[in-house]
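Here, residue 1 is the first one in the sequence, and each next residue gets the next number.
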Amino acid sequence: MIRLKQLDSEYLETVMAFDKLNFPTDFWKAADWKDLMEDERALYYAFLDEENLVANAFIYNWKGEKDYIKIMNISVHPKYRGHGLACKLMNHVRDEMSVIGMKRFCGETRSSNKAMQTVFEKCGYHLDRIEEKYFQNPDESAYKYVLELK
């Protein structure tokens, strides 16, 4: 049975392994994950099947400073792709953060990641701009998406 849970730093090793699984050439460093998982503005939502991580949405809440939610990371385990879990997580983030007054959501994906571009569009985001040479490992442009709630 798949369930939604907000994860904290006790899941750090699991989160890092999941990141490496989904982004084998461009995963985050352990020190970066540790710092972010301990930051009160950083929130990590995940779908778990039993205790196995199957999908995640990692966000940063810039309320009061930049006043938007930054989608830092969205990924789905290869065995669970195509079941709408990324959209469900994106919609959960939108609903949770709109309760606290957040109306602007931003995220980006690689120009080659057509699946994530589709997720952004299905979830109501629009392509705001393309930023050249944004990603490394390999070098690639970023498609920057924005969702504005009324």
Residues Glu50, Arg3: salt bridge by 4.0 Å N-O rule: no

Reported CE-to-CG distance for the pair Met1 and Leu48, which is rounded to 0.5 angstrom: 12.5 Å

In one Ile/Leu/Val/Met/Phe/Trp/Tyr side-chain cluster, 4.5 Å: Ile74, Leu147: yes

Smallest separation among heavy atoms of Ala42 and Leu36, with atom names: CB-O, 3.1 Å

Flag for Lys5-Tyr11: side-chain donor and acceptor within less than 3.5 Å: yes

Residue pair Asp19 / Trp33: nearest heavy atoms and the distance that separates them: OD2-NE1, 3.1 Å

Candidate pair Phe105 and Leu149, rule side-chain contact (heavy atoms from CB on, under 4.5 Å), full reasoning: CA-CA 9 Å; Phe105 300 79; Leu149 301 179; 3.6 Å; yes

Minimum-distance pair of heavy atoms, taken over all atoms of Ala57 and Val93: CB-CG2, 4.1 Å

In one Ile/Leu/Val/Met/Phe/Trp/Tyr side-chain cluster, 4.5 Å: Tyr60, Met16: yes

Glu131-Ser141 side chain donor-acceptor pair, cut-off 3.5 Å: no

ILVMFWY cluster membership beyond Tyr134 - transitive side-chain contacts under 4.5 angstrom: Phe135

Atom pair SG (Cys87) and CD (Glu121), whose distance is rounded to the nearest 0.5 Å: 10.5 Å

Ile2 side chain near Tyr80 side chain, heavy-atom distance below 4.5 Å: yes

Check: Lys34 and Glu38 side chains under 4.5 Å, non-hydrogen atoms: yes

Side-chain donor-acceptor contact under 3.5 Å, Tyr68 with Asn61: no

Aromatic centroids of Trp28 and Phe58 separated by under 6.0 Å: yes

Under 3.5 Å: donor-acceptor pair, side chain of Lys20, backbone of Val15: no

Close side-chain approach of Lys144 and Ile130, heavy atoms under 4.5 Å: no

Evaluation steps, side-chain contact (heavy atoms from CB on, under 4.5 Å), between Lys133 and Glu140: CA-CA 5 Å; Lys133 298 180 183 176; Glu140 199 167 344; over 6 Å; no

Lys114 side chain vs Ser111 backbone, donor-acceptor pair below 3.5 Å: yes

Taking every non-hydrogen atom, the tightest pair across Met102 and Asp67: CE-C, 3.5 Å

Validation row: Asp128, Cys106 side chains within 4.5 angstrom (heavy atoms): no

Note, Pro78 side chain near Asn22 side chain (heavy atom, < 4.5 Å): yes

Same apolar cluster: Tyr143 and Met90, side chain cutoff 4.5 Å: yes

Option from Glu108, Arg104, Arg129 for which side-chain contact (heavy atoms from CB on, under 4.5 Å) with Val146 holds: Arg104

Any side-chain heavy-atom pair of Asp8 and Met37 under 4.5 Å: no

Polar side-chain atom of Asp49 near backbone of Asn52 as donor-acceptor pair, under 3.5 Å: no

Distance (rounded to the nearest 0.5 Å) between Tyr44 OH and Gln6 CD: 12.0 Å

Inter-residue atom distance His83.NE2 - Lys88.NZ, 0.5 Å rounding: 9.5 Å

pair Asn56-Phe18: side-chain heavy atoms closer than 4.5 Å: yes

Within-4.5 Å side-chain heavy-atom neighbours: Met97 and Leu43: yes

Rounded distance (nearest 0.5 Å) linking atom NE2 of His92 with atom CD1 of Ile59: 8.5 Å

Worked verdict on Val119 versus Thr109 for side-chain contact (heavy atoms from CB on, under 4.5 Å): CA-CA 10 Å; Val119 169; Thr109 191; over 6 Å; no

Atom of Ser75, atom of Asn73 and distance for their closest heavy-atom approach: OG-OD1, 3.7 Å

Worked check of side-chain contact (heavy atoms from CB on, under 4.5 Å) between Asn91 and Cys123: CA-CA 7 Å; Asn91 291 337; Cys123 293; 3.9 Å; yes

Linked, directly or transitively: Phe23 and Val54 (ILVMFWY side chains, under 4.5 Å): no

Hydrophobic cluster membership, Phe120 vs Tyr45, 4.5 Å side-chain cutoff: yes

Distance, nearest 0.5 Å, that separates CG of Leu89 from CG of Leu4: 6.5 Å

Ring center gap for Tyr145 and His126 short of 6.0 angstrom: no

